[in-house]
Amino acid sequence: MSTGTAQEPRTTELAKAYEHRDVEGRWYRVWMERGYFHGDENDTTRPPFSIVLPPPNVTGSLHLGHALTATLQDILIRWKKMSGFNTLWLPGTDHAGIATQMVVEKELVKTEGKSRHDLGRPEFLKRVWAWKERFGSRIGEQHQALGASLDWERERFTMDEGLSRAVREVFVTLYEQGLIYREKTLINWCPRCHTALSDLEVNHEEGHKGELWSFAYPLSDGSGEVVVATTRPETMLGDTAVAVHPDDERYKAIVGKMVRHPITGREFPVIADSILVDPAFGTGAVKVTPAHDFNDFEVGKRHGLPAITVIGLDGKMNTNAGPLVDQDRFEARKNVKKIIAELGLDRESKPHVLPLGRCQRCETVLEPMLSWQWFVKIAPLAQPAIEAVEQGKTRFIPEQWTNTYMAWMRNIHDWCISRQLWWGHQIPAWYCPDGHVTVAREAPQACSTCGSATLRQEEDVLDTWFSSSLWPFSTMGWPEKTRTLQTFYPTSVMETGHDIIFFWVARMMMMGIHFMGEVPFRTVYLHPMVRDEKGQKMSKTKGNVIDPLVITEQYGADALRFTLAALTAQGRDIKLAKERIEGYRAFANKLWNATRFTLMNLSGFTVGLDPHKAARTAADRWILARLQRAVNETVEALDGFHFNEAANTVYQFVWRELCDWYIELSKEALYGDDAEKKIAAQAILVHCLETSYRLLHPMMPFITEELWNTLAAQVGGRWGDSLMTAAYPKPGPVDEDAERSFNPVIGVIEAIRNIRGEMNVPFKTPLADVEVGALEQSAHATVAQEKGRIERLSNATVAIVAAGRAPTKRGGSAVAVGEGFELRVGLAGAIDLAAESARIDKELSKVEQDLTGIERKLANPSFVERAPAEVVEKDRARSEELRDKRRKLEAHRAMLQEAEGTMETPNPAAETITPTAQVAETPPPEAPAAAPDTGETTPPQGEAETARQPKARRAPAKKAAKPARKAAKPAKKAPAAKKAAKPAKKVARKAAKPARAAKKTATRGAKKTAARGAKKVAKPAKKMARKPARKTAAKRGR
RNA sequence: GGGCGGAUAGCUCAGCGGUAGAGCAUCGCCCUUACAAGGCGAGGGUCGCAGGUUCGAAACCUGCUCCGCCCACCA
């Protein structure tokens, strides 16, 4: 963290590399001091946009899942704020009942060797509060390090006074409405945590390998026995019936008879129950233990059977278990089997796979336990919550979660809300000595039934999720009718992990609708889980938790945030690898250096110049168009919660287009004498950067704020107080013509670079003889205009032939045929005919391949008939283009073959090739090596042969080896039906460089533009078709 | 037992009817005065398997195989 005091940012020259430690940390305080984080409940001019932060456990510390939550929400909040919304992002923490209590208990044992019982409830609670005070602030610090623009003035805690009041209000109201009741019934009990749990807190272990053990109950009348099976033998001590199916002929005779318990001696009946018993399973007879099995409990109710509890709350057998009293339930299991075996009543044992309920927190096998508990009657609350989603009042993103939510809501059981813990909201119910219950908002003076003044408050506390379920409105001051509620409820977005859709989201829906009469949020965006590199969920128990602060310190908060955003695609979990973060840290550095470059080239900068009006060159107009497209796509992506697309769009623009292309292109103007072009380039650079900062700010708040201010100061003016309050770039029409018309320039530069690479001519060696031709009128004009830039970026001297004319044919040249141009690079003596031959061949085979596919399609009458006209038209044009390209390439190849032929027998015709004089004049660095080559032996026949020629040419051996290696491949592929048609040789050489290069750079604009001719017509159509749909969908929800 | 995801380049993942993409890794060439946390170029894919729909399928449908997750009171 920096100690800087940056009220005013530095305006000195930027450091050579971006150091996040020097920048982050300064800005957060500035933002906070200026009150930017505050949501204004009295603002009626701007539309509200609110999010409540899912409250982390107060004693916990943030992991990467939290960092993701904070990042995505901050992106939304900052974006909306910049887009003119009155934003509120409300922070807080959760008391996390059982989790916190256990942490403190453990600590207590460790440090003082005491249990909570040793301290007593009041003292223990004091300790928990102290713990909370000590560690609670950690969460805040972590969020601040991440740059989260949370409104700290409104920070809440689920057990603070206001929220506790809300909890009591809700409890009492629901009680009064008959929606909360107390009942002695079977619940899931954790013998270790010593508390009841809700259904959701039960983890079902799948496929637990258990045992199905059967034994016989002797009939009391001595007429025989009935064999039953169980996976939990110890529960037989609490059996109060044996059930059979009423239609089961085998047992008809014994229904109504009594059996005698072989251990306790109790007698109980054989009953008939068609719901419980599946005659096909096991023996068709079932032992019934109403006090320890959910099914049996129902049977007990149906048949009026007694429920005998044999296992105590601590998991040990109680006095009802006769001889097994005080034994642990698992020990008792063994002993019951032993005793029964000794009695000769055991019958069978076989392995049995069964689901096993375990405590979510401590993994202990749960015990169904009969006890008094408080419940929320859920059906009346669930129904409206179902309807709200059906009616689209709240929608889920990704949509698939709607089903999950619905399925759960429709099968929901009553919610057990009482917990036998100390840490939490103590249930506002009081008992008088007569056992009457008084439920009240504040401690009552007397029993509401009998008036007794002797009252004892219910000791149980509420499930921690009870208070969380009120979070969207309790944090805004409910039950008071506050301005905050009025302005910011319902919240705009609930953004959280899908793991708590039931625990939290569903319950907030129910409570919000019930108490506010309105859904708590319009959109639920459920983000993926962050997993470790192995794909495992990060959890404290697994020990694979990564502290975001460690990452932040190492790579910077911006890098972490951007990485998380870039990886947040809908529908898949995030496996976070360090390399990814490193990559995006490099991106931050790139942005830094792009700014640094600009700052170094601002002399003569003209303040107030409109970049669009100033634009002088095709390159200028191109980058401005690309910028606008990036803006459009980013906004659209954010609008649809496609964080990865937003991140990637900006990344591609800044790095690939602005830095790799425009900055390089702009050097021509910046270093040149044309003042007009120079100030235009400066204005455009500044404009692109400034816009990029704004685009990027929600994702990378620190570095963008720093650079924005630095650049503003350097260009002689302030753009505003802070980037945080600047306006987000607005979508608008894209100058597609500007995008398109620049493509030949990019194509030409890439083609030259490609030839350099393939021919092994280093960049520093100038190419003196480059000709560009076959340009149509408009392309010709552009290329001519951009000649200087082309030359700079390819380090070549370029001649442009008249529009429509091909470059002159000349030997000793490499040739590239791109979309809309043809290029010849004279390599003088440096030409490696074998390499060039191979290169052309490779290209030709690619053309051939593409052509074959397209022609086959076009030859198919049903395609021509049934495919959309534009698709057919596109393919026709493409086909034409490919044929043209093939023609040109073949011509070039013929020439190469001729040249190679001449090598075999040097003849006068060789003069048409590079004159030797030229070789002498402009020898590329390695050219001399080529000279002795001439007149070698071995007459190559075709170019393939040539390629394989191992002759010791100047061309390194590997070059020759390459095609050979590739040639091996087709053998593998040949079987593939689709490709079988082509000559194997051609299949082998697939890569067509210019095509590839053009595709790559033609940059996304070109792709998306319905360009003339064969260019990307289809793709844009697809994209357009998809995106607007998404957009409207997104809008509907608001 | 129900349900939901996933399977695409060596790795991590986008794309989800119309010419297979990114980042990282790999290979080659460059310390070109913004950036070596860099630049330029290249290689690399029967888009899990089998059927089907379609003029056209990585994408849609059916089945299957493997992963992962959620829900579930069959003794």
Side-chain angles (χ1 to χ4, degrees), chain A residues 14 16-18 186 204 212 228-232 243 276-278 281-282 285-288 293-298 352 354-355 357 368 400-401 403-404 407-408 411 498-499 501-502 529 533 535 537 566-567 569 571-573 575-577 579-580 582-590 592-601 644-645 648 651-652 659-660 663-664 750 753-754 756-758 760-764 795 850 853-854 857 860-868 871-872 874-875 878 958 962 966 972-973 975-979 991 993 995 997 999 1014 1016-1019 1021-1022 1026:
Chain A
L14 293 180
K16 193 169 175 188
Y18 173 54
L186 221 48
H204 295 276
L212 188 63
V228 294
T230 181
T231 55
R232 296 190 296 151
L276 177 74
V277 182
D278 170 7
F281 187 93
V286 185
K287 62 189 271 305
V288 179
D293 184 281
F294 289 98
N295 283 318
D296 295 0
F297 184 73
E298 295 304 316
H352 184 68
L354 69 154
Q400 76 219 40
W401 293 110
N403 290 332
T404 308
W408 187 73
N411 286 302
H498 63 241
D499 53 337
I501 184 169
F502 305 138
M529 297 288 105
E533 275 158 291
K537 189 173 171 177
L567 295 181
R572 204 188 300 221
D573 288 349
K575 275 187 226 168
L576 195 64
E579 291 73 29
R580 230 32 215 267
E582 280 167 9
Y584 289 117
R585 177 187 55 170
F587 175 59
N589 190 49
K590 195 75 186 173
W592 181 267
N593 274 293
T595 305
R596 185 160 168 261
F597 169 82
T598 303
L599 289 172
M600 293 167 104
N601 290 285
N644 60 327
E645 287 181 18
N648 286 327
Y651 179 94
Q652 291 293 332
C659 292
D660 287 354
I663 284 188
E664 294 306 323
E750 286 193 328
R753 286 171 171 174
N754 172 255
R756 263 185 192 288
E758 294 284 301
N760 250 337
V761 183
F763 184 81
K764 63 185 172 198
N795 191 21
D850 289 356
I854 287 183
K857 270 205 305 194
N860 179 352
S862 35
F863 170 71
V864 179
E865 230 169 83
R866 309 174 92 142
V871 172
V872 177
K874 188 202 72 176
D875 278 353
R878 177 76 181 143
K958 29 187 153 149
K962 248 182 189 171
K966 267 180 277 166
K972 249 195 274 170
K973 278 181 190 166
K978 280 183 196 169
K979 293 173 183 168
K993 209 130 340 124
K999 204 189 312 175
K1016 310 290 164 196
V1017 171
K1019 241 183 185 164
K1022 175 176 122 195
R1026 183 169 60 93

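The shown structure was predicted, so the numbers you read here are calculated from the model rather than taken from an experiment. Lettering of chains follows the sequences in order, A, B, ..., and the numbering in each one begins at 1.
Annotation: the span from A/R596 atom CZ to A/N601 atom CG amounts to 11.0 Å, rounded to 0.5 Å. For the atom pair OG1 (A/T598) and CE (A/M600), the distance works out to 10.5 Å, reported to the nearest 0.5 Å. A distance of 4.5 Å separates CG in A/D875 from CZ in A/F863, rounded to the nearest 0.5 Å.
Between the C1' atoms of B/rG39 and B/rA57, the separation comes to 39 Å (whole Å). Between the C1' atoms of B/rA25 and B/rC11, the separation comes to 7 Å (whole Å). Comparing B/rG48 with B/rA9, their C1' atoms sit 15 Å apart, to the nearest whole Å. Between B/rA72 and B/rG1, the distance separating the two C1' atoms is 7 Å to the nearest Å. Annotation: B/rA42 and B/rU33 have their P atoms spaced 23 Å apart (nearest Å). Nucleotides B/rC69 and B/rU62 have their C1' atoms positioned 24 Å apart, rounded to a whole Å. Rounded to whole Å, the C1' atom of B/rA50 lies 27 Å from the corresponding atom of B/rG44. Nucleotides B/rA20 and B/rC31 place their C1' atoms 36 Å apart, quoted to the nearest Å.
Spacing between atom CG of A/N648 and atom P of B/rC13 amounts to 15 Å, rounded to whole angstrom units. For A/I663 and B/rC40, the CD1 to P distance is 12 Å, given to the nearest whole Å. Counting to the nearest Å, the C1' atom of B/rC11 and the CG atom of A/L576 are 14 Å from each other. Across the protein-nucleic acid pair, A/N760 atom CG and B/rG43 atom P stand 14 Å apart, rounded to whole Å. Taking atom OH of A/Y651 as the reference point, atom C1' of B/rC35 lies 13 Å away to the nearest angstrom. Taking atom NE2 of residue A/H498 and atom C1' of nucleotide B/rC69, one finds them 7 Å apart after rounding to whole Å. Distance, A/E758 CD to B/rG28 C1': 10 Å, rounded to whole Å. Atom CZ in A/R585 sits roughly 13 Å away from atom P in B/rA36 (whole-Å rounding).
Across all non-hydrogen atoms, the minimal contact from A/M529 to A/D499 is CE-OD1, 3.3 Å. Shortest non-hydrogen contact noted between A/I854 and A/R878 is CD1-CG, 3.1 Å. Of all the heavy atoms in A/C659 and A/K590, the pair that sits closest is CB-CE, 3.7 Å. Nearest heavy-atom pair across A/V228 and A/V286 is CG1-C, 3.9 Å. Closest of all the heavy-atom pairs between A/P368 and A/R232 is CD-NH1, 3.7 Å.
Listed candidates were B/rC30, B/rA22, B/rC13. Nearest to the side chain of A/K764 is B/rC30. Comparing atom distances between the A/Q400 side chain and each of B/rA42, B/rG5, B/rA34 picks out B/rG5 as nearest. The A/P762 side chain lies nearest to B/rC29 when the options are B/rA37, B/rC29, B/rA42. Side-chain proximity of A/R580 to the nucleotides B/rG23, B/rC4, B/rA75 is greatest for B/rG23. Side-chain proximity of A/T231 to the nucleotides B/rA75, B/rU12, B/rC55 is greatest for B/rA75. Nearest nucleotide to the side chain of A/D660, out of B/rA34, B/rG28, B/rC40: B/rC40. For A/K287, the listed nucleotide lying nearest its side chain is B/rA75; candidates were B/rC55, B/rA72, B/rA75. Among the nucleotides B/rC40, B/rA75, B/rU12, the one closest to any side-chain atom of A/R753 is B/rC40. For A/N593, the side-chain atoms get nearest to B/rC35 when compared with the rest of B/rA42, B/rC35, B/rG28.
For B/rG39, the OP1/OP2 oxygens have a side-chain nitrogen or oxygen of A/K590 closer than 4.0 Å. Between B/rA42 and A/N754, a contact under 4.0 Å exists linking OP1 or OP2 to a side-chain N or O. Between A/K16 and B/rA36, a side-chain N or O to OP1/OP2 separation shorter than 4.0 Å is present. Phosphate contact (OP1/OP2 of B/rA34, side-chain N/O of A/R596, threshold under 4.0 Å): absent. For the pair A/K874 and B/rG18, the criterion of a side-chain N or O lying under 4.0 Å from OP1 or OP2 is not met. At B/rA75, one or more side-chain N or O atoms of A/H352 fall inside 4.0 Å of OP1 or OP2 (strictly under the cut-off).
Among the protein residues, A/L212 comes within range of no part of the nucleic acid, since none of its heavy atoms lies under 4.0 Å from any strand. Within the nucleic acid shown, A/P868 comes within 4.0 Å of at least one base atom, counting heavy atoms only. The residue A/N589 sits close to a base: some heavy atom pair falls under 4.0 Å. Within the nucleic acid shown, A/E664 comes within 4.0 Å of at least one base atom, counting heavy atoms only. Among the atoms of the strands shown, none is found under 4.0 Å from any heavy atom of A/I854. Residue contacts for A/A407: at a heavy-atom cut-off of 4.0 Å it reaches no nucleic acid atom on any strand shown. Within 4.0 Å (heavy atoms only), A/Y18 reaches at least one base atom of the nucleic acid.
Base pairing analysis places B/rG10 opposite B/rC24; the two distances defining the Watson-Crick or G-U wobble pair are each below 3.5 Å. Pairing for B/rG38 goes to B/rC30, judged as Watson-Crick or G-U wobble with the two contacts each under 3.5 Å. Remark: B/rG51 base-pairs with B/rC61. Criterion, Watson-Crick or G-U wobble with two distances under 3.5 Å. A 3.5 Å limit on both hydrogen-bonding distances identifies B/rG68 as the Watson-Crick or G-U partner of B/rC4.
Along RNA chain B, the nucleotide nearest A/L354 and the nucleotide nearest A/T598 are compared for position; the residue whose nucleotide lies closer to the 5' end is A/T598. Mapping A/S862 and A/W401 onto RNA chain B via the closest heavy atom, the residue that lands nearer the 5' end is A/W401.
Between A/Y584 and A/Y651, the ring-plane angle classifies as perpendicular under the 30° and 60° cut-offs.
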